[in-house]
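The analysis underlying the following values was restricted to heavy atoms, covering all of them including side chains, and did not include hydrogens, waters or symmetry mates. From a predicted model like this one, the values you see are computed outputs, not experimental measurements. As the structure lists them, so they are numbered: ligands from 1, and atoms in each ligand from 1. All residue numbers refer to positions in the sequence shown, counting from 1.
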Amino acid sequence: MSLATVIRAEQKLLLPTYDRQKVLFTRGRGIYLWDSKGKRYLDFLSGIGVNALGHAHPAIQKVLKKQAGKLIHTSNLFYHEYQAELAKRLTKISGLDRAFFCNSGTEAWEGALKLARAFARVNNNNGHKAKWRLLALENSFHGRTFGSLATTGQEKYRHPFAPLVPGVNFVAFNDAQDLKRQFDGSVCAICLETIQGEGGIRPVSQEFLQLARELTLKSGALLILDEIQCGLGRTGKYFAYQHYGISPDIVTVAKPLAAGLPLGALLTTERVASGMHPGLHGTTFGGGPLACVVAIEFLGELEGLLGHVSNLGKYFLGLLKELQSKHATIKEVRGMGLMLAIDLDSADTAKAVVSQLLEQGILINRTHDTVLRFLPPYIIEKKHIDEVVNALDRALSSQPAGAKKQKKVERSR
Ligand SMILES: Cc1ncc(COP(=O)(O)O)c(C=O)c1O
């Protein structure tokens, strides 16, 4: 089937939710994808942080084929062999005690919000209204369902669907004073991404996260971290919060967990899990045998890749900073591990750079208008980073505004 045929059919048959790039991918292997015309692309986006092991990884293929022939789905009315095993591995690497499995990031986040309210109700023994307020951060992104949208601090996602779930207030990003001002005994949870992803790759500050931990510990509220994009090895540690030396009450994960199959999870402590009982929350598909057995395989592979992610992340960051010193159009370089971004001074330039790289067979994306985001598979090598940085250099130099600014910088040196 040709790209034109697919575009025509989708335009007629699908809800117009996506503004897709005009590329029809037909296969992938390792860090490369191929389109319907046989053109090869270097994948520095990995399906928005999902394909951490690249495409068609031999170990994932093997376990998928084996399990598909054995058992794909049972529902959560019965036991299968792999949920407890996967929970054992996730609790070990996170330092938490219990897991709940679902199908996507937004579902994991919904589960976390529900658990926070349920826990507050169970622990409400002072005769007043149970803690109910959720403090979330401005500029955040937690998904597209109603609870997730209600805690997403970006008007463009929220406004068309208002009114949203009540009881949410937004704190200015990394503003400790604002957090102190808005926090009181009615707050049941502070909810945030350890590194904001869709919001432009912005790590929360040590001071802010520590304050959030202290306030919640003192009042009996929960600290919920969304590591759907930044967790599971993306920053060179299993979880981004492990860089900060704190532990949350709940953490959510999804994207790379089952190497491309839909699987999300929330992980929590024994204490908080006491807020749940059978029938209070659930899912038909979540945590099925196929997705779980693949996730176990993914975690096995991940163990040997953390050091590599960390080293290559430092190498990539160093090159992006060099690029910044050359191109005045780059306002900031941000991120950790292999979750990196450059923030440009113009949305048009960012758009043009993404198109130019796509033309040259390199996949990256643009978020928050001006931010070029890099979420490559964990299996990349230095030479792939060199290739992307050289392509960025050429693309930035060829932008009319970029070239002018670059000259100005050179003259002023
Ligand atoms: C931090 C974060 N939370 C939640 C989500 C929602 O995940 P999903 O699209 O799987 O529902 C995303 C998706 O990009 C995300 O980056």
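- A donor atom on one side chain and an acceptor atom on the other are found under 3.5 Å apart for Glu227 and Thr194.
- Note: Tyr378 and Phe298 have tilted aromatic rings, judged against thresholds of 30 and 60 degrees for the angle between ring planes.
- For the side-chain hydrogen bond (donor to acceptor under 3.5 Å, both in side chains) test, residues two or more places apart in sequence or in another chain that qualify with Glu10 are Arg20.
- For His281, the ring pair (Phe, Tyr, Trp, His ring centres under 6.0 Å) partners are Phe100, not counting sequence neighbours.
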Can you give each donor-acceptor pair under 3.5 Å made by side-chain atoms of residues 357-367, sequence neighbours left out, with the distance rounded to 0.1 Å?
| residue | atom | partner | partner atom | Å |
| --- | --- | --- | --- | --- |
| Gln360 | OE1 | Arg394 | NH2 | 3.1 |
| Asn365 | OD1 | Arg373 | NE | 3.0 |
| Asn365 | OD1 | Arg373 | NH2 | 3.4 |
| Arg366 | NH1 | Asp369 | O | 2.9 |
| Thr367 | OG1 | Glu198 | O | 2.6 |

Within the protein, flag every N or O under 3.5 Å from an N or O of ligand 1, and note the pair and distance.
| residue | atom | partner | partner atom | Å |
| --- | --- | --- | --- | --- |
| ligand 1 | 3 (N) | Asp226 | OD1 | 3.4 |
| ligand 1 | 3 (N) | Asp226 | OD2 | 2.7 |
| ligand 1 | 10 (O) | Gly105 | N | 2.8 |
| ligand 1 | 11 (O) | Thr106 | N | 2.8 |
| ligand 1 | 14 (O) | Lys255 | NZ | 3.0 |
| ligand 1 | 16 (O) | Gln229 | NE2 | 2.8 |

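- The ring of Phe316 has its center closer than 6.0 angstrom to the ring center of Phe44.
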